[in-house]
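Encoded as C-alpha cells, the structure appears first; notes follow it.
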Amino acid sequence: MLHGAYGIYLRETLILRRKLVKTLLASAVSPALFLIAFGYGVGRGTSVGGQDYLNFLLPGLLTMASMNQSYGIATEINISRFYFKVFEEYLIAPFGRWQIVLGEMAYGITRGLIPIAIIALYSLFCGVSLHFGPAFFFALLLHLAIFSLLGILAAMIVRSHADQATVNAFLITPMMFLSGTFFPLENMPFAIKAVASLFPLTYSTRLIRATLLETADAGVLLYLLLIAMVAGLFWLCCRLVERVEA
C-alpha cells in the first residue's frame with residue numbers, strides 16, 4: 001500500500017547519502033555563526049526569564065537549523081521537476097499521489113534530523129543541559145513534518161528558481177528572526193507579535209524549547225495546534241499535487 005511512498009523516500013535518501021558530508025558541514029556552520037554572534041556577542045551575560053541566554057538560544061538554533069533542512073527539499077523537488085523530470089515519473093506511476101507527498105515529507109523529516117546531533121554537541125561545549133526526551137521527539141516530529149510539507153507546498157506553487165528565492169525571502173527569512181528563535185517575543189512591539197503569530201515556527205519553537213528545558217510551556221494545546229497544521233498542510237499538498245500535469 002505504501003510502496004510508492006517508500007520508493008520515493010528511498011530514492012531521496014540514497015541521493016542524500018552521497019552528499020551527507022556536505023550536508024553535515026552546511027548544517028554545522030550556520031548555527032555556529034549564530035551561536036558566536038548572539039550567544040557570545042550580543043547575549044553575553046544576558047538572562048531571559050531568569051535563565052542564561054544560551055539556554056534560550058540553543059533550542060531556537062535547533063528549530064531554525066532543522067527547519068532549514070526540512071524546508072530545503074523544496075529546491076530538490078524543483079530540480080526534479082524542471083531539469084531531471086523525475087517528478088513527472090512520480091506522477092505517472094501507478095500509486096496515489098498522496099504517496100508522493102508522504103514520501104517527500106518523510107524525506108524532509110529525515111533531513112531535518114541532521115542538525116539535532118550538531119546542536120546537541122554545541123550544547124555540551126556551552127555547558128547547557130538539554131533534555132532529549134519523548135516529549136521533545138514528538139514535538140520535533142511535528143515541527144519537521146510542518147516544514148517538510150511547506151517545502152512541498154512551495155515547490156508545487158513556484159514556476160522557477162527565482163520564484164523559490166522570492167518565497168524564501170518573504171517567508172523563511174522573516175520566520176527565522178521573528179518567531180522567538182533568537183529573542184523572546186514578549187520584548188517585541190505588538191506589530192511584530194502579530195506577524196509572529198502567523199508563523200508555525202513561533203509555536204514549534206515554543207513547544208520544543210519547553211520540552212528541551214523542561215519548563216511549563218509545553219501544553220497540550222500546542223501539540224494539538226501543530227497536529228492540526230500537519231493535517232491541514234498534508235491535505236493542501238495532496239490537492240496541489242493532484243493538479244500537477246504529468
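When reading the values below, keep in mind they use all heavy atoms of this one structure, side chains included, and skip hydrogens, waters and symmetry mates.
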Do M229 and L226 come within less than 4.5 Å of each other through their side chains, counting heavy atoms only?
yes
Can you tell me if NZ on K22 sees more than 12 non-hydrogen neighbours from other groups inside 6.0 Å?
no
Derivation and outcome, side chain to side chain contact (heavy atoms under 4.5 Å, CB included), residues L113 and L140
CA-CA 9 Å; L113 292 172; L140 179 67; 3.8 Å; yes
Evaluate the criterion side chain to side chain contact (heavy atoms under 4.5 Å, CB included) for residue pair C237 and W98; output intermediate values, then yes/no.
CA-CA 8 Å; C237 286; W98 62 269; over 6 Å; no
Quick check on the hydrophobic clustering: are W235 and V101 connected, directly or via other members, by side-chain heavy-atom contacts under 4.5 Å?
yes
How close do P31 and L61 get, heavy atom to heavy atom, and via which atoms?
O-CD1, 3.7 Å
To the nearest 0.5 Å, atom OG1 of T211 lies from atom CZ of R206 at 12.5 Å
Connected to V21, directly or through other members, by ILVMFWY side-chain contacts below 4.5 Å are L25
Could you work out, with salt bridge (charged side-chain N to carboxylate O under 4.0 Å, His left out) as the rule, every residue matching E12, not counting sequence neighbours?
none
Please, which pairs that meet salt bridge (charged side-chain N to carboxylate O under 4.0 Å, His left out) have at least one residue in residues 112-124, sequence neighbours excluded?
none
As a quick check of understanding, evaluate side chain to side chain contact (heavy atoms under 4.5 Å, CB included) for L16 and I114, giving each step before the final call.
CA-CA 11 Å; L16 177 64; I114 293 174; 4.3 Å; yes
As an exercise, state the distance from CZ of F136 to CG of L130, rounded to the nearest 0.5 Å.
8.5 Å
Do L198 and L225 sit in one hydrophobic cluster, given that two such residues count as connected whenever their side-chain heavy atoms are within less than 4.5 Å of each other, even indirectly?
no
I'd like to know if the side chain of R209 reaches the main chain of F56, judged simply by a donor and an acceptor atom lying under 3.5 Å from each other, with no hydrogens or angles considered.
yes
Decide whether I79 and L153 are clustered together by the hydrophobic rule: side chain heavy atoms of Ile, Leu, Val, Met, Phe, Trp, Tyr closer than 4.5 Å, transitively.
yes
For Y6, give me all partners under ring-ring contact (aromatic ring centres under 6.0 Å, His included), at least two apart in sequence or on another chain.
none
For T205, all residues meeting side-chain hydrogen bond (donor to acceptor under 3.5 Å, both in side chains), sequence neighbours excluded
T63
Show me, pair by pair, the donor-acceptor contacts under 3.5 angstrom made by side chains of residues 145-152, not counting sequence neighbours?
residue	atom	partner	partner atom	Å
S148	OG	I109	N	3.2
S148	OG	L144	O	2.7

Only counting residues at least two apart or in another chain, list the ones meeting side chain to side chain contact (heavy atoms under 4.5 Å, CB included) with S30.
F34, M64
Expected list for residues 115-123: side-chain donor-acceptor pairs under 3.5 angstrom, two or more places apart:
residue	atom	partner	partner atom	Å
Y122	OH	A28	O	2.6
S123	OG	A120	O	2.5

Donor-acceptor pair, side chain of R81 and main chain of A155, under 3.5 angstrom
yes
Sorted by chain and number, sequence neighbours left out, ring-ring contact (aromatic ring centres under 6.0 Å, His included) with F138 holds for Y223
Result block: side-chain N/O donor-acceptor pairs under 3.5 angstrom for residues 169-180, not counting sequence neighbours:
residue	atom	partner	partner atom	Å
T173	OG1	N168	O	3.3
S179	OG	M175	O	2.7
S179	OG	T202	OG1	3.4

Closest non-hydrogen atom pair between M156 and L240, with its separation
CB-CB, 4.1 Å
Are F137 and L62 linked, directly or through other ILVMFWY residues, by side chains that come within less than 4.5 angstrom of each other?
yes
Sequence neighbours excluded, the answer for side-chain hydrogen bond (donor to acceptor under 3.5 Å, both in side chains) partners of S70 is none
Show your working on side chain to side chain contact (heavy atoms under 4.5 Å, CB included) between L213 and H131 and close with a plain yes or no.
CA-CA 6 Å; L213 302 179; H131 303 276; 5.9 Å; no
From OH (Y203) to CG (L142), nearest 0.5 Å
15.5 Å
Quick note, side-chain hydrogen bond (donor to acceptor under 3.5 Å, both in side chains) partners involving residues 100-114, not counting sequence neighbours, are Y9-T110, Q69-R111, E76-Y107, E76-R111
Is there a path of hydrophobic side-chain contacts, each under 4.5 Å between heavy atoms of I, L, V, M, F, W or Y residues, that connects L10 with I73?
no
Distance-minimising heavy-atom pair for H143 and S204
ND1-OG, 2.9 Å
Nearest heavy atoms of Y71 and A154, plus distance in Å:
OH-CB, 3.4 Å
Spacing of CD belonging to E242 relative to CG belonging to L91, to within rounding of 0.5 Å
11.0 Å
Rounded to the nearest 0.5 Å, what separation is found between the CG atom of L58 and the CG atom of L35?
5.5 Å
Could you state the interatomic distance from CZ (F87) to CD1 (I92), rounded to the nearest 0.5 Å?
12.5 Å
